[in-house]
Amino acid sequence: MKNIILGGEVLSNFAPKTKEEEMMAYENQVQNDIQYIAFWKRVQMHLLDFLIIGIPAVLLYRFSLSTSIKINSVFPLIIYWLLFCAYYVFMTVKFGGTPGKLLSKARIVDKNGRFLHIGTASIRYLLTFLYAIIMVLKLKEGIDLKVSSNDINHFISTHEGYFSSIGNFIGIITFVECLIAAFNNKKRTLHDLAAGSYVISHDTFKRMKENAEIRIDLTREDTFISTQND
């Protein structure tokens, strides 16, 4: 008897399948073909983001610091961080990722393969928001101490104080929570777990979109685990 394999299930050529059974087999095939983005691929995406976004962002950050000192107000830095955070949320909601992820053919999605909403995307970048608040408070401290525009960046980077300790703690949490992606089968970080998000390959995203009538659920533990490192 000749058999064929579909979605990991052996089907006999002589065993007729009902429409419902064929649909279930096809659903399992799509479900089992999900590819998650592995840790080192994520490192590559972050490096691309640094080259594309990071350098202009650093220049704008320095300009906002200098301007804040000159006008004796934290307002320019607040505007900078609002734009910075809004950019990440917008890219995630509208396109499913930052330029580094898009160029690396990865997408950030919810459990059903859809782009995140503003609320869930904001949760995903919550640590960035908290870090932004700490930076603004450190600038306020520098302004109160009459730090010059030439020294303010060094002051924020090296000054020891209450806000610096919190900022350092957030940095440690960020590092540790990203490492978690290397030790779970679906390659999720803490911010993925908090937002209910997954980082999958663009090919997987396309297949899920093309098969929208099938209820694919990335939370299923029986999903075949495949990771993309290339």
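Worth knowing before you read on, the calculation uses all heavy atoms, side chains too, and leaves out hydrogens, waters and symmetry mates.
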Closest non-hydrogen contact found for Thr204 with Ser201 is OG1-OG, 2.9 Å
**Message:** Between Leu139 and Ile78, is there shared hydrophobic-cluster membership here, with clusters defined by ILVMFWY side-chain heavy atoms closer than 4.5 Å?
**Reply:** yes
Of all heavy-atom pairs linking Phe84 and Ala57, the shortest is CE1-CB, 4.2 Å
For Ser64 and Leu77, the nearest pair of non-hydrogen atoms, with its separation, is OG-CD1, 3.4 Å
Would you say that Ile37 contacts Arg42 through its side chain, given a criterion of any heavy-atom pair below 4.5 Å between the two side chains?
yes
Working for side-chain contact (heavy atoms from CB on, under 4.5 Å), residues His191 and Leu127:
CA-CA 8 Å; His191 56 257; Leu127 284 178; 5.9 Å; no
Correct closest heavy-atom pair for Cys85 and Thr128 would be SG-CG2, 4.0 Å
CG of Leu65 to CZ of Phe155, rounded to nearest 0.5 Å, is 11.5 Å
Value for CZ (Arg207) from CD (Gln35), rounded to nearest 0.5 Å, stands at 7.0 Å
Here the pair of heavy atoms bringing Ser104 nearest to Leu48 is OG-CD1, 3.4 Å
- Spell out, yes or no, whether Ile156 and Phe75 are grouped together once hydrophobic residues are joined by side-chain heavy atoms under 4.5 Å, including indirect joins. no
Report task. Keeping the roles fixed (side chain from Ser122, backbone from Ile118), state whether a donor-acceptor pair exists under 3.5 Å. Result -> yes
Value for CD1 (Ile143) from OG (Ser73), rounded to nearest 0.5 Å, stands at 6.5 Å
> Can you find a pair of side-chain heavy atoms, one from Ile34 and one from Tyr198, that are under 4.5 Å apart?
Replying inline: no
Discussion item. Regarding Thr92 and Tyr125, do their side chains bring together a donor and an acceptor under 3.5 Å, going by distance alone?
Written reply: yes
**Any donor-acceptor pair under 3.5 Å from Lys101 side chain to Val199 backbone** = no
Closest non-hydrogen atoms of Ile53 and Pro99, given as atom of the first, atom of the second and distance, are CD1-CD, 3.6 Å
Worksheet item: Any side-chain heavy atom of Asp192 sitting closer than 4.5 Å to one from Lys187?
Response: no
dist Ile152:CD1 -> Lys138:NZ (nearest 0.5 Å) comes out at 9.5 Å
Value for CG (Leu193) from CD1 (Ile123), rounded to nearest 0.5 Å, stands at 12.5 Å
So OG1 of Thr189 and CZ of Phe39: to nearest 0.5 Å the spacing works out to 11.0 Å
- Query: Got a donor-acceptor contact below 3.5 angstrom from the Arg188 side chain to the Ser197 backbone?
  - Reply: yes
task: Would you mind checking if Asp144 and Lys140 are paired as a salt bridge, meaning a charged N to carboxylate O distance below 4.0 Å?
output: yes
Path from Val74 to Ile71 over hydrophobic side-chain contacts below 4.5 Å: no
### Task
Indicate yes or no: at least one non-hydrogen side-chain atom of Phe50 is less than 4.5 angstrom from one of Leu47.
no
Check your understanding: Can we call the ring centroids of Phe115 and Phe205 under 6.0 Å apart?
Key -> yes
Check your understanding: Aromatic rings Tyr61 and Trp81: how do their planes relate, parallel, tilted or perpendicular, breaks at 30° and 60°?
Key -> perpendicular
Query raised in the report: Are Leu190 and Tyr131 connected in a single hydrophobic cluster, I mean Ile/Leu/Val/Met/Phe/Trp/Tyr linked by side-chain heavy atoms less than 4.5 Å apart?
Result: no
Are Phe95 and Met45 linked, directly or through other ILVMFWY residues, by side chains that come within less than 4.5 angstrom of each other? yes
